[in-house]
Every structure is written in structure tokens, then in C-alpha cells.
Amino acid sequence: MTTTKDRLDAPTRRDLLRGAGAGAGALGAMAAGLPTLAIAQDGPIVWVAYGGSTQEAQKKTIVAAFMADTGIEVIPASGPDLAKLKAQVQTGNLEWDVIGVIGSQAIRAGRAGLLEKMDYSIVDTADLDIPPLEYCAPYYSYGGGIGYDPARHPEGRHPTNWQEFWDVERFPGRRGLRNRPDENLEMALMADGVAARDLYPLDVDRAFASLDRIKPHVSHWIAGTPQTISLLTQNEIDFVFTYSGRVEAAQRDGQSVAYVYENNIVTGAYVAVTRGSRNRDAAMRLVSYFLKPELQAAFCNIMGYGPSKSTARAHLEPEVLARQPDLQDPGTAITDVEWWAENGEAVTTRFKTWLLT
Amino acid sequence: MAEMVRLDGITKAYGETVALHPTDLSIREGEFVTLLGPSGSGKTTLLNLIAGSTAPSAGEIWLKGRDVTQVPANRRELGMVFQNYALFPHMTVAQNVAFPLTLRRRPRAEIRREVMRALELVHLPHVAKRKPRELSGGQQQRIAIARSLVYNPSLILMDEPLGALDRKLREALQFEIKKLHEELRMTVLYVTHDQEEALTMSNRICLMNEGRMEQVAPPQEMYFRPATEFAAGFLGVSNIIRVAVEGRGAIRVGERFALSGVPGLTAAPGEVVPVMIRPEAIRLAAGSAAENVLEAEVEDVVFLGGVTNLVVRTGQGERFTVRQLTRRSDAGWQGGMPVSLSFDASDVVPLNGAAPQ
Amino acid sequence: MRFIAPALVLLVAAFLLPLLYVVYLSFGGSSPSLEKYAAIATEPLYRQVLLNSVYISVVSTGLTLLLGYPIAYHLEAQPPRRRTVLMILVLMPFWTSILVKSFAFTVILGKSGIINSFLQWATGMEGHLPMLFNRFGVVVGMTHFLLPFMVFTVLASLLTQGPELRRAANVMGATRLTIFWRIIFPLSLPGVMAGILICMIMSMAMFITPALLGGRGDLMISNLVEFHVRDTLDWEMASALAVCLLAITGVFCIGIARVRGGQLFGEEG
Amino acid sequence: MARQTTIEERVPSAATRLIAWLGYAFLLMPSLVVLPMSFGTGTEFDFPPKSFSLDLYREYFSEPSWVASTLTSLQVAAASAALSLLIGGLAAYGIVRYQFRGKKLLTIFLLSPMLVPTIVVALALYLYLGIARATGTTWGLILCHAVVCVPYVIVTMMAGLRQVDRNLEIAATIMGASWFGVLTRVTIPLLRPTILASGLFAFLISFDEVVISFFVSGVRTQTLPVKMYSTIHWEISPVLAAVSSLLTILSLGICILVAALQKER
């Protein structure tokens, strides 16, 4: 399958107009004359993220500080969908200025020409644990690992690493994995004996061979992150791939769930600026706030995620710090988002086909 | 009296099929004209043309000296009564009757007065506040009649208004409509397929067949001097036989039965023409002694209470229906009895244009 | 005609033109090619998913009809006021977000869910019935979503039948079963067909329910459209898949119109 | 319309009633599960809840974005229901009451949004509105929803119009009413139940619509289903259970009220 990446840079508004045919063009032109909600030059910044309590925590810490310091209003929106981003850039009808996205999505968007190049003269990259990228800057990381119910599987009765997760003899139980290749391939390779530090470039064939072995024991290939916890608490699944932040939130609710902090797969979350944003400079300044160590720490103290700057760790609460996946630990894998941006589509198609058969 | 309706060569065709051949008709003010005919004869088409719910293919419609061919239905100042009453189910009886008056923006006091007057005319002032569905069929039709006359339209169209009622009610309402017509001097165009209704109520009957007017005449004339075989057959019971013309006004019916002085006979001697004799005009005697009679044999005797119908068969094989007032002494009629028939020349009606219209 | 004009304008401007744009995109947009269609034809994933979609749609629609017809029939027989109340009941699922509903279904259908717990308690059986994260779960979720549409379409055609025919048949000595199968059912066929059509098409287009309640094999064509729209940003591929989806629904429509002698909805004549 | 039928014709058999009631139960079941969940506590869905409270309702009402998106949803649903009732109703009237060339084809076209999978419509509309610079506007969203609702309105209104006795309209015309008078004084009052039903249907379809709205709605026009759907990446807030229950109970109340009022006439 081919991708459209190389062509994505090219289409312009005029192209689209021509494409939509005369009628559409006429209507488009007509409607373009009507007043729209387009954001004015020095108007507020629209910041889009995944919503929920994560965005709420960011709003209360990082964004609040930015607004207090600069006096620039930030309007939060949720659902940083790449399709919407692409349509906005293609049609020139921009709604978003700053986008918070995870992993490979950010790179894919950057390559597709949907993002501004990061202005690292404004955004400070010193002390980053996760490397900064051309189009986006990392501001926190989240660890993925094994979740289980300690009431049903006390100490010694649950897997503590991916080799054990794959070992259905020693640890019988229903497994839950995600319905996409991201993270699954890493797990499969680690289960097959590849060291966390030697994962990339991924040996896709070997990963699928390893996945073949666990396939019969996976009772659900989970579509949405929330389901990783709810299926555990409803006793539909025994061992699940989930994220530390989700497990901790459930624990705060008094749910009987536990998480293995070893052998985690750590992925970066990034902020970026929409290509052509009319608030580019203000947006870059907001991005720089996302990389301020003390603000990162304030956010991570609420959500339990890991800051991207090593200097932020000094500001973390002790119990939050204790629950951080150790990035220096050789058992911790750090997702290579560049590899995924490059190979994601082909691997996903293969994965979906593999699921069906 | 003034002319209320005039139709000039009015025609209706749907593509190839002609629903109404070119038709002329004139209705005087205060006249009660009935369109009579079997279903599919064109009477409803004619009514709809006058009502304005269909447009004619050719010809002109004049109402009260005004050409209304192009005038929409709502400006023709007509009233109409439907077979299924067509009372508005969402309005009370009073609101239904008031409807045409409110459309004309009459003052409220006048409306109230006129509605009560109309309801009193149909003897139903006490149901004013009820909904139509709470009334019997006969009551509903009375309301519909009240509604059609409350605003004194120049012409009231009635489309088989009694078709859905049982016999007793039908007769009662026939009487009431006739009375209203006489009291209020309304002009009525009435559609029915029921000959008795037509005979009882009309000033003139307009007999229709296959999209044409067969004959237009007052009921008496229509009954006693039908012009065509269809007219003779449609109204009442008739004996239609073919006779040979022997001379001016002279016919021969059977070997021993000839008549002279038949009125309206125009056919040349030697021709065979159809003539009609009403069953009640035939005299019947037992045996075959008398001179100048038709010899026949009784086939069937049908006792109908006040009258008795006999079916007799002549030597030539022609059947006659003979109607006699029942007398106790006649009880002796029996099948197989030889009888002799006779009738007067003045009771013989030549058909198919043999008589001038 | 003048009555239809506003609807016509809206649909041409906000439906037909966008749709034509999708077709245009599917053929490669400004650089025309059949590349995407070739990929669909050769890639086994797409064929499998197409088959899946048709299978799941047919089964869900069938189940919806089996459940929806009796409901519509029952509603039709109720006095108006009671019917209104029951119709509100049928519309209830609309008010609950599809996400919440999907969660509720995991509670109901799961291994330790309400139904399995009840069965274990009532029959003392060991183990459980697998009802979730498989095709059964998808079909249940879809049926739940489709049911109101079927019920209302069938109900509309049942309500237009006068009681006269049934009474006549009754007088002629027909039993209740005969009246149903010889009169009521054939007369309601336009509604049934319209209901089938709507449900088939809606179920072909669903992607949230199969993702949340289905097993690993229950990928639908709409999931792939969504995947290409939102993940790979390959809109030409998404458009090509959408056009295939359109073609399939087109075939449905033609098939149903055939069955009904050139009438798609039974309303256009 | 009053129907006179004997008891035996109208009561469905025991088997039919059983299936129908099972059907009602099936339709109701998720709502019955969601209701207790809405009285739970904490930040995750929980059934059965470990403790009962009104926390989720409190959270719903104290969070402006929940209330705002609910209002947006109600507003968009009401507007698109009204719009589709107006133009769909007129179209149905034209189709049922008038003859013209190409009627059959035109009808199929008017109903065809029903025949096109929503994801396809969603993508198409999003690109298209982007060109027209109408994404993120309320009127754009309303138009898109109207496109989806119009066919349902047309179908139900056509069925309703066919049940209105043509003679009633003719009678009114002959008594002197203009076509507008006939429409407002006779046809519309007679169609009231149908109008209510199709309006409600359109409202609900718009209110429940997530796929198209997800694409077309903007920062300031986020509808409730979109707000729910766009947070799913990390979590489903249990406030959703409270929202759903609230809406269910509210709608139930309104509908029962309407039903009661209808009978009063």
C-alpha cells in the first residue's frame, strides 16, 4: 500500500476548489464571504488535547500559568484528530493553534505538512529525557505495562514482565491487548527475548511470530483505553496492557487494580503548532510553557505521568516519583516514534489482517 | 329565472381516455338537477369540473353569468357535500359549520347566529359542541349539509351524499334535502347512481352514460318518455322489444296484435325499431280468447306485497315483465298458465331517437 | 414542485456535491488513478472486511426484524394513549450515549455480567455463555441501536391498513394466523422492506459498536474508513472504501426495488 | 380516528405479546444499568456502584463545559428538527399531493441521505464545509444534521399525509379557503400527531448524532455526544452516566406530558 504523504504537502485551497467542481466552488466562494468564527490575529489561542482529566490537569497548571503571565486567552478544545487537522490546513480554515498529541501521530502530522517547525529559540530544549523533534516538542511521557487485580492475583500469581505475560502455563488467565500494533509489537519482541534497548528497528516478522503464540489467549483486543481498566474491574480479563496513569486514577477511586512498573514501554506526548497559525508566536510561547520543569512537575503531580525534563523530577512529590518508570532502567523501552511514523501504516494493515485470520 | 350554471362544450380527457365528451348543460337558479348514471359514466368528473378540483381539457364553465373556467376552486363561491361527510375531525360541529363564515371574516355575532340557524335547519342545534366522530352517520351528513348552505353559496354540489347511509335514513334525508331546497330556493347539483333518489328529488335529471349525457329531462318525462334504450333500461323496470313498423304510427307486435296511433314514431314502414312498454301499462287476462292480444304463458310469479310481478313469455319467445296491483282474487296466477297481453298505443315508447327529444 | 425546491436545494448543496467530491477523491483527485481500487481488489484485508460487514449487517437486520415486527404489531394494537407511552419506551435508547450504552452492554453480557450471573444462579451451571467480544456482542449492540428505526417504519405501514380487510377476512372465516399471513403481513411489506433497507445501510455504516463490543474478527468496512480518515490520513483510500460501501448499499437498494416492482420506498409512486 | 374493531381482532397473540415485551425490556435494559451507575462516585464507570451519591450530577452541573455542550446539542437538535420539519414537510406535501415529471427519481434522491453510510457523509461534509469555511459554525452543523434528518421527516410525513382524507382539503377549498388556508387550518391541524412524531424523531437523530458532528463541530460548537466521544482516548468520564440518565428521565417526563396533553383535547 502506498501512502499519500509526499502528496499531502502539495494540495492547496485552489486544488480543492477545482476538485469540488464548479458548483461546490461557487458555494464555497459564496460561503467564504460570510462571517465565520475564524480567530483574529491577536485573538485567543485555541489549544486542543485529548480532554478528560488529563487536559483538565494541564489547564489548571501549565495553561493557567501561561494565561496569568501573558494575558493571552487560551480556549481549550478536545479531540486532536489528525483528520480534522489535515482538513483545516488543506482548506485554510484553521481552528486550532496548539495541539497536544501522542507519539507517532505528531510526527506523521509534521511530515504531512500540517505543523509548523518548532521554534527552538523560544522553546527551551535543555535537559530533555525524550529527544525533541523537528515539528513537535515532548512534554510528558506515559508508561504502558501490565495491569491486574491484586485481589484475584496476589503477589507471585501475576506476570511481572512480558516474558511472563506470554507464559500462559505459569500465569493462566485471560489477556487483554490493544487492537492496534503500537506497543504490541514491542511487547511481543521483549517477550521473545529482545532487550528493551535493542528493539528498534523492530523485527516485524519476529514480532508477529511471537504474537501468534499469545493470540489464542487474548480474550479481547481493546479499542479504547478506558476499557483496559473497566474490563479488569468487571472481571472480564485477568491481565491487561494498560497505562500507569489510568491504573492510578482507578486506585484513587478505590478500585482493586494494580500495575507493574517494570519492563514498561514509555511513549512521549508532544505539543505542536498548526501550520499557518495566525498566532504562531504566541502559540510557540505556550509550547515553551509546556516544557517548563516546574509546570511539568505540577501537572505530573496531579496525573502521575512522567515529565519530559529531568530537571522537573526535583519538583515531583515523593510518591509520584516512586511510581515513575525508570527511564535509565535497561528493562524500560522508549517508543521510537520516528520508526512508527515511517512504518505505522503498513504494519497496521498487516496487524488488522492478522487479527482477522 | 336566471341561469346559474352553463357548461359550454366542457370536455375532460386523461391522455387517450376521454372521461367526459363535450357536454352542454344549463341550470337555472333554484333548480335541483341530478346527475344520474352508473359508476364510470362521467358524473363525478363533471361535478369535479364544476367544483374546480380538476381542470377541463376544453370548453367553458359559467357560474352566475361569470366565466369561471380559470377561476380556482376557492373563488367559485360553491358549497359541497361529500359522501364521506368530509367534516373536519379536529373541529367541533359548530366550528365546522362556522368554517366558511370565518374564512369570509364575518363578525363573530353574525357567525354564531348563522351557525345556529343552519343547525336548526337540520334539526341538530344541540350537538354544536360535540366532535363529528361522536355523531351518527346521518347526523354527520346533516351537519355537512348545514355547513354547505350556511354561507349561501350560489350552487351546492352534492356528491352521493346519502350513499353511506342505510335505507331508512336515506329516505328521511331525501325528504329533508328536498324540503331545504324548496324552503331556501338553493340551486343544487346532485350526483347519485340511485334512480329512486333522482326521481324523488330532482326538478330535472341528467342521465349520463360512458362520458356523455344520454338525456336531460324532468323525472316524469324521463320515466315515461325515455329517449334511448339505455335511459329506458336504467330508470325503472322496462320491457324493450323490437317491433315492425307498418305505417304511420302503426306497429305490429305479434301475429294477432297490432297497434296504431303510437305517438312519436318516426321510422319508415318496413323498419324494425325498439320500443319500450312499462310493466304497469300491460293488461293481463287469463286464457287467449280476446281479439288483438299477445298470447303468452306465465313463467314466474313474484309476489312483492302491494304489487305482483309476472314474467310471461310470448309464442315468439319474447319475455315481458308485467306488474299488477295485488288483489286477493288474483292469487290464482301460476307458472304455465296461458295468458293474453295487451297495451295501449299511447304506452308504447319508441327508442333510439325514434322520438324527437 | 415549488414545495420540493427547498429540500432539493439543501440536498444538492449539502449532500450531492460533497458526495461527488468523495467520488472524485477516490479516483485519485487531481491526479486520476485507479490505484486505491486496485489495492482494495488485491489486499485480502479489504475483501475479508467487506464480507464481514455484509454478514454482520444481514444478521443484525434479520434479528432486528424478528424483534421489531412483533413490537410494531403490538404497538399498532394498543389504544392511542398507551401506544404513545410505549413508543417513548422504544425511543429511550436514543437518549443514552452510544459509549455509555456499550459499557452497559459489557455489564449485561460479560462473563461475570448480569445475564451470566443470573444463569449461573438459576441453573447452577458452571462457566458462562460467551456473549461479549464476539459477533454475538456486535449483533446485540447493533440490534439495540437499529430497533427503533425498524419499529417505526413497520408501525407506519401497519397503521395505514384499515381494519375493514381484516374484518372481512374474519367474517369469511379466516383464523387469526391466516389473517396475519395472508393480509396483514403482505400489506405491511412496504414498511418491512423500507425497514430492512434502512437497517442494512445503517449497520453497514456503524463502527463504534463493533469496535467496543466485537471480537478481533469483527472489523467492519466503516472501521477501515475511519482508520484511513483519522489515522493514516489517506483520504483517497477512505474515499475509495466509501465508494465501495456506497456501491454495496446501491446494490441493496436495486435488489429491494426489484423485489417490490420498481418501488424503493413504496412511497414514490 | 376512531376505529371500531372487535376485541379479538386487536389483541395480538400471547406469543407476539411476549416477544414485544421482551423487546421493550431489551430496549430499556442499558438505561436500567446506566441509571444506578449515575449515582456512583469516583472517576471511572462502576457497576454496581460501591457507594451511592449525587457526585456525578453535581459535577455535571458545576462544570460549564458539560452544560454548554448540552445546551449546544439541544439548540442544534431543535434548530435542525425545525428546519427539516419545514423543508421535509413541504417536500412530502409536494410529493403526495402533486403530480409532476420525474417525481419518482426526485423522491429517491430526497430520501437518499438515508442510504449513504454516515461516515461517508461525515467525511464529505467536513471537506466540503472546510472549503466553504463553515466548519465549526453552528449553522453549518445545523445544515448537516438537517441533511440527515430530512429523509426521515419526509418518509413519516408522507405516510401521515396519505392518511389525511383528500376530501377534507377539497371541502375547505370549495368553501373558499386558499391553499395556505387549507394548509394551516386543515392539513396541519390534522397532521399534528405526525408532525410531533417526525419532529421528535428528527430531534433525537440530531441529538444522538456523533460521527458527522465529530467532524463538523468546532471549538465553540461542541455537542454533547462529541464531548463524550472526543475524551474517549484516555478515559470515559462517569459523568456520562449522569448525563444519559438525566436526559432519559427528562425526555420521559416531557413525552409523557405531551402524551397526556394530547389526550386532553
Side-chain angles (χ1 to χ4, degrees), chain A residues 13 16-17 19-20 24-25 27-39 46-56 75-81 83-84 87-93 95-96 102 142 223-227 229-230 233-234 243 245-246 249-250 252-255 257, chain D residues 33 37 40-51 55 59 63-65 69 119 122-141 143 210 213-223 225-240:
Chain A
R13 188 166 137 73
L16 278 169
L17 280 176
L27 192 97
M30 216 168 69
L34 296 168
T36 62
L37 283 175
I39 284 107
V46 176
W47 156 63
V48 63
Y50 288 110
S53 54
T54 309
Q55 190 172 11
E56 200 54 37
I75 298 170
S78 57
D81 195 75
K84 291 190 81 169
Q88 284 177 31
V89 174
Q90 270 195 357
T91 60
N93 187 26
E95 278 189 72
W96 302 334
I102 52 157
Y142 55 94
T225 305
Q227 266 187 316
I229 301 295
S230 62
T233 56
Q234 283 168 53
Y243 303 104
R246 293 285 85 221
R252 284 195 290 275
D253 268 6
Q255 307 272 19
V257 283
Chain D
V33 171
M37 286 200 308
T41 50
T43 60
E44 302 283 331
F45 272 138
D46 200 9
F47 185 88
K50 291 181 184 58
S51 57
D55 284 1
E59 196 179 331
E63 173 62 64
S65 71
S69 57
I119 181 96
L123 175 64
L125 280 173
Y126 189 54
L127 293 173
Y128 187 71
L129 288 184
I131 297 168
R133 300 252 173 168
T135 50
T137 60
T138 311
W139 63 266
L141 195 58
L143 280 185
V210 59
S213 317
F214 179 80
F215 281 96
V216 174
S217 72
V219 177
R220 291 173 186 79
T221 57
Q222 206 172 42
T223 63
V226 174
K227 181 170 166 61
M228 296 173 180
Y229 189 66
S230 57
T231 62
I232 197 182
H233 186 86
W234 282 122
E235 58 191 40
I236 302 182
S237 167
V239 175
L240 287 187

Pro80(A), part contacting chain D, at a heavy-atom distance under 4.5 Å: neither
Heavy-atom contact with chain D under 4.5 Å, split by part of Ala83(A): both
Heavy-atom donor-acceptor pair, Lys84(A) side chain to Tyr126(D) backbone, under 3.5 Å: no
Structural part of Ser78(A) lying under 4.5 Å from a heavy atom of chain D: both
Counterpart residues, side-chain contact (heavy atoms from CB on, under 4.5 Å), relative to Val210(D) (two or more places apart): Ile208(C), Pro225(D), Tyr229(D)
Nearest-0.5 Å distance, CD of residue Glu56(A) to OG of residue Ser65(D): 7.0 Å
